[in-house]
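What follows is a short report on a single structure.
Each chain gets a letter, A, B and so on, in the order its sequence line appears, and its residues count up from 1.
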Amino acid sequence: MKGPKQIMLRIDSQLEYVSLVGVALHAFCRDQGLDEMTSYQVQTAAIEAINNAVIHAYSNQPGHAVSIDWRSQDDFIEIGIIDQGTPMAHIPADIEPSPEAESGRGWWIMRRWMDSAEYASAEGQNRVTLTKRISEQP
Amino acid sequence: MEPVCYQETAGVLVAGIRVDRLTADVARKVFDAVAANSQSARAILLDFDQIEFIDSTGIGELILFSRKLKGRKIPFAIAGLHAHLMDLIRMMQLDSIIDFTPSTDQGIGKLQRQIGRDAGQ
């Protein structure tokens with residue numbers, strides 16, 4: 001593994017920017033030595049959280065900031081997704097969605113593919129924190 | 001560039017998705033385009049070979065599209081999905097409600113047989 005790093009990104013609340021952040025996060029993972037599959041999983045989980053900020057916290061309205069705070073240490077990475085929009089009323093229950101369901105998969109993906117996915121809202125700021133432990137990559 | 005290109009092979013409409021991601025910003029446009037261009041199709045094969053990334057919104061749009069085709073009794077399958085995306089599909093158990101085939105040739109063959117069976121009923 002490489003040494004500790006911290007990178008901050010900020011996008012406007014538009015879905016077209018989310019994929020670009022995803023590509024950057026994937027590259028950060030690879031740079032830290034994560035394998036392709038783990039990097040893809042981290043990318044996917046983070047995109048789900050960023051989509052939620054744009055679609056739900058900001059009701060798909062542009063002109064608001066979504067910040068992505070990437071931090072890596074020797075044995076874990078942590079990604080914070082921060083918005084100042086409408087907070088979530090509650091975190092979705094950890095229930096496997098029906099294959100037929102059209103929505104409700106975002107938090108389920110985050111929980112399955114990250115070691116933890118937490119949500120906090122305080123003083124007008126909402127934050128999803130995703131963490132992934134890093135094992136030695138072959 | 002159009003997000004989808006079309007080719008008909010022995011009754012099967014092959015819709016090649018020409019975007020690299022099915023995400024919240026583009027997924028609905030893609031499936032709306034396929035729906036608008038497949039009104040007379042007897043069977044539809046979506047070629048996902050160029051897709052590198054799918055998010056949960058893209059999955060939701062795919063399920064909606066699949067449901068509409070089932071309502072019209074149009075046989076439907078997806079070909080060429082990359083291995084890492086197939087992991088996501090299996091985790092969601094989408095392979096229990098949608099047919100996935102490794103290649104377009106296999107998908108076309110499978111759908112042609114289904115058209116034949118449906119015609120014989």
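The neighbour count for Arg127(A) CZ, taken as heavy atoms of other residues, nucleotides or ligands under 6.0 Å away, is above 12. Within a 6.0 Å radius of NZ in Lys70(B), other residues, nucleotides and ligands contribute more than 12 heavy atoms. Remark: Gln39(B) CD is packed, more than 12 non-hydrogen atoms of other residues, nucleotides or ligands lying under 6.0 Å away. For Arg10(A), the CZ atom counts as loosely surrounded, since its 6.0 Å shell holds 12 or fewer non-hydrogen atoms of other residues, nucleotides or ligands. Under a cut-off of 6.0 angstrom, the local environment of CZ in Arg42(B) is sparse, with at most 12 non-hydrogen atoms contributed by other residues, nucleotides or ligands.
The cluster map of Ile, Leu, Val, Met, Phe, Trp and Tyr, joined by side-chain heavy atoms under 4.5 Å apart, puts Ile11(A) and Leu20(A) in the same cluster. Note: the hydrophobic cluster containing Met86(B) also contains Phe48(B) (ILVMFWY, side chain heavy atoms under 4.5 Å, direct or indirect links). Residues Met37(A) and Leu34(A) are members of one and the same hydrophobic cluster, defined by side-chain heavy-atom contacts under 4.5 angstrom among Ile, Leu, Val, Met, Phe, Trp and Tyr. By the rule that hydrophobic residues join a cluster once side-chain heavy atoms approach within less than 4.5 Å of another member, Phe28(A) and Ile77(A) end up as members of one cluster. When the side chains of ILVMFWY residues are joined at heavy-atom separations under 4.5 Å, either directly or via intervening members, Val30(B) and Val18(A) end up in a single hydrophobic cluster.
Contact check for Arg105(A) versus Asp55(B): no side-chain heavy atoms found under the 4.5 Å cut-off. By the 4.5 Å heavy-atom criterion applied to side chains, Phe53(B) and Gln43(A) are counted as neighbours. Contact annotation: the side chain of Asn51(A) never approaches that of Thr23(B) to less than 4.5 Å [non-hydrogen atoms, C-beta and beyond].
The choice from Gln14(A), Arg112(A), His26(A), Glu96(A) that makes the most heavy-atom pairs within less than 4.5 Å of chain B is Glu96(A). Annotation: maximal heavy-atom pairing with chain A below 4.5 Å, among Leu88(B), Ile54(B), Leu64(B), Val26(B), occurs at Leu88(B).
Annotation: the span from Ile55(A) atom CD1 to Thr57(B) atom OG1 amounts to 4.5 Å, rounded to 0.5 Å. Note: Leu85(B) CG to Tyr40(A) OH = 4.5 Å, rounded to the nearest 0.5 Å. Note that NE2 of His84(B) is 7.5 Å distant from OG1 of Thr44(A), once rounded to the nearest 0.5 Å. Ser66(B) OG to Glu100(A) CD: the interatomic distance, rounded to the nearest 0.5 Å, is 7.5 Å. Here Met92(B) contributes atom CE and Ser98(A) contributes atom OG; the two are 11.5 Å apart, rounded to the nearest 0.5 Å.
The two residues Pro99(A) and Leu94(B) have their closest heavy-atom pair at O-CD2, 3.3 Å. Counting all heavy atoms, side chain and backbone alike, Met91(B) lies closest to Trp113(A) at SD-NE1, 3.4 Å.
Interface remark: Glu48(A) contributes side-chain atoms only to the contact with chain B (heavy atom separation under 4.5 Å). For Leu62(B), no part lies under 4.5 angstrom from a heavy atom of chain A. Using a 4.5 Å cut-off between heavy atoms, Ile98(B) makes no contact with chain A at all.
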